[in-house]
Amino acid sequence: MTKFIFLLLLALCGNLFGGEVVNLFSGRECTLPGRGKWSLAAEHGRILASGTAVQDVIVLSLEAIKPGTSLDLTLRDSNGVRKLRFWSPEVLPGIAADFRMRTEQGKVARLKGLGLVEASGKSDGIVFTDTLEQCNGRLNFCFSEKSDYPLSIPEDWEYIGLSNDPGNRGSLSIVLNKEERVVDVDGQAKYLEIKKGATTIIVMGPENACENIDDVLLIKKIIAKEKRK
């Protein structure tokens with residue numbers, strides 16, 4: 001049964017309104033700005049919940065849906081209409097990977113909570129680590145701590161580029177010259193991509209703790225793109 005809990009929170013984030021889909025996790029409380037009376041409806045029009053925003057805030061809590069699935073809903077209030085897409089907490093179900101973290105307990109637990117599983121002999125070459133020295137798989141995600149920056153970029157790279165995720169601002173920048181080759185955290189890029197032969201390294205900014213659904217969907221998109229090659 002779908003359950004919605006509405007609580008009083010003192011927060012407001014006005015940039016969520018518009019035509020784009022707002023991605024949210026199911027299985028946890030999600031805060032959205034809202035005004036006046038509101039209703040939440042399924043795609044076929046059935047009203048699932050309704051109420052009145054408290055101090056311009058609506059907090060939704062949708063029970064966790066099945067791994068790998070999503071559910072589209074429509075939220076209407078005095079500010080207009082928003083399309084919401086609730087995702088399963090396990091956005092990446094059954095994807096096998098190697099975990100090579102210096103501080104394993106918290107980070108690995110969060111990654112496995114997304115549906116990733118420990119590789120048993122075969123991981124499709126996917127590695128999650130927090131240091132560039134461990135990036136020797138086919139597709140490597142590096143989640144370094146902010147205190148680790150600036151990071152030295154490997155000398156033998158063949159391609160390097162910063163990428164943005166629309167609407168999901170990052171913090172990375174790069175310096176490439178004769179004196180140094182480093183990635184730092186004084187920019188706005190979401191991730192740095194480094195290629196050498198068949199190896200791809202994705203350096204994620206320290207703000208990506210796999211707790212933001214848009215960050216997780218970015219990882220999902222990168223994995224899917226790599227598998228199509």
Would you name the heavy atoms of D72 and R85 that are closest together and state the gap between them? OD1-NE, 2.6 Å
Any non-hydrogen side-chain atom of I160 less than 4.5 Å from a side-chain atom of I153? yes
Between D156 and K196, is the salt bridge (Lys or Arg N to Asp or Glu O under 4.0 Å) condition met? List the steps. CA-CA 7 Å; D156 54 353; K196 176 194 171 185; 2.5 Å; yes
For V182 and P150 the tightest heavy-atom approach is CB-CB, 4.1 Å
Could you please spell out the steps behind the side chain to side chain contact (heavy atoms under 4.5 Å, CB included) verdict for F143 and T129? CA-CA 6 Å; F143 297 85; T129 181; over 6 Å; no
Minimum heavy-atom distance between L132 and C142, given as atom pair plus value: N-SG, 3.9 Å
Step-by-step side chain to side chain contact (heavy atoms under 4.5 Å, CB included) determination, K66 to T69: CA-CA 6 Å; K66 294 181 179 179; T69 64; 3.9 Å; yes
What residues form a salt bridge (Lys or Arg N to Asp or Glu O under 4.0 Å) with K112, not counting sequence neighbours? E118
How many angstroms lie between atom CG of L114 and atom CD1 of I95, to the nearest 0.5 angstrom? 10.0 Å
F141 and I222: side chain to side chain contact (heavy atoms under 4.5 Å, CB included), yes or no, with the steps? CA-CA 10 Å; F141 292 93; I222 293 171; 3.8 Å; yes
Polar contact flag, side-chain donor to acceptor under 3.5 angstrom, E29-S61: no
Give a yes or no on whether I201 and I126 share a hydrophobic cluster (residues Ile, Leu, Val, Met, Phe, Trp, Tyr; joining criterion: side-chain heavy atoms under 4.5 Å apart). no
Would you call K220 and I223 a side-chain contact if the rule is heavy atoms closer than 4.5 Å? no
Is S26 reaching over with its side chain to a backbone N or O of I65, donor-acceptor style, under 3.5 angstrom? yes
With a 3.5 Å cut-off and no angle check, do the side chains of E133 and T131 form a donor-acceptor pair? yes
Let me know which of L71, L62, L40, V21 forms a side-chain contact (heavy atoms from CB on, under 4.5 Å) with L84. L40
Considering all heavy atoms of both residues, which atom of G205 and which atom of S171 are nearest to each other, and what is their separation? CA-OG, 4.4 Å
Rounded to the nearest 0.5 angstrom, the CG-CG distance for L192 and D184 is 11.5 Å
To the nearest 0.5 angstrom, please state how far the CD1 atom of I202 sits from the OH atom of Y191. 5.5 Å
Classify the side-chain pair S173/D186 by whether it contains a donor and acceptor separated by less than 3.5 Å. yes
For the student: nearest non-hydrogen atoms of M204 and L218, plus distance: CE-CD2, 3.9 Å
Would you name the heavy atoms of V216 and C210 that are closest together and state the gap between them? CG2-O, 3.8 Å
Hey, are the side chains of V22 and E20 touching, using non-hydrogen atoms and a 4.5 Å cut-off? no
State the CG-OG distance between L217 and S70, to the nearest 0.5 angstrom. 9.0 Å
Are side-chain heavy atoms of M101 and L111 found at a separation under 4.5 Å? yes
Using side-chain heavy atoms (C-beta onward) and a distance below 4.5 Å, is L139 in contact with V127? no
Using a strict 4.0 Å threshold on nitrogen-to-oxygen distance, state whether R138 and E226 make a salt bridge. yes
So does K190 pair up with E207, basic N to acidic O under 4.0 Å? yes
Is any side-chain N of the basic residue among D98 and R100 closer than 4.0 Å to the acidic one's carboxylate O? yes
With a 4.0 Å cut-off, would you call D130 and R102 a salt bridge? yes
Do D215 and I213 make a side-chain contact, defined as non-hydrogen atoms from C-beta onward lying under 4.5 Å apart? no
E155: partners by salt bridge (Lys or Arg N to Asp or Glu O under 4.0 Å), with sequence neighbours left out: R181
No-hydrogen, no-angle side-chain donor-acceptor test under 3.5 Å, T200 and K195: yes
Hphob cluster co-occupancy, L151 + L176, side-chain heavy atoms under 4.5 angstrom: yes
Any chance you could measure L172, atom CG, to Q188, atom CD, to the nearest 0.5 Å? 11.0 Å
Could you tell me the separation between the CD atom of E90 and the CZ atom of F25, rounded to the nearest 0.5 Å? 11.0 Å
Output all residues satisfying salt bridge (Lys or Arg N to Asp or Glu O under 4.0 Å) with D214, sequence neighbours left out; order by chain, then residue number. none
Please report the C-alpha distance between V108 and F128 in whole Å, then the side-chain angles of each, then the deciding distance to 0.1 Å, and finally whether the side chain to side chain contact (heavy atoms under 4.5 Å, CB included) criterion is met. CA-CA 9 Å; V108 173; F128 286 85; over 6 Å; no
Check against side chain to side chain donor-acceptor pair (under 3.5 Å), T74 and K83: CA-CA 5 Å; T74 299; K83 298 294 183 181; 3.2 Å; yes
Evaluate the side-chain proximity of L73 to L48: yes if any heavy-atom separation is below 4.5 Å, no if none is. yes
Is the closest side-chain heavy-atom distance between Y149 and S144 below 4.5 Å? yes
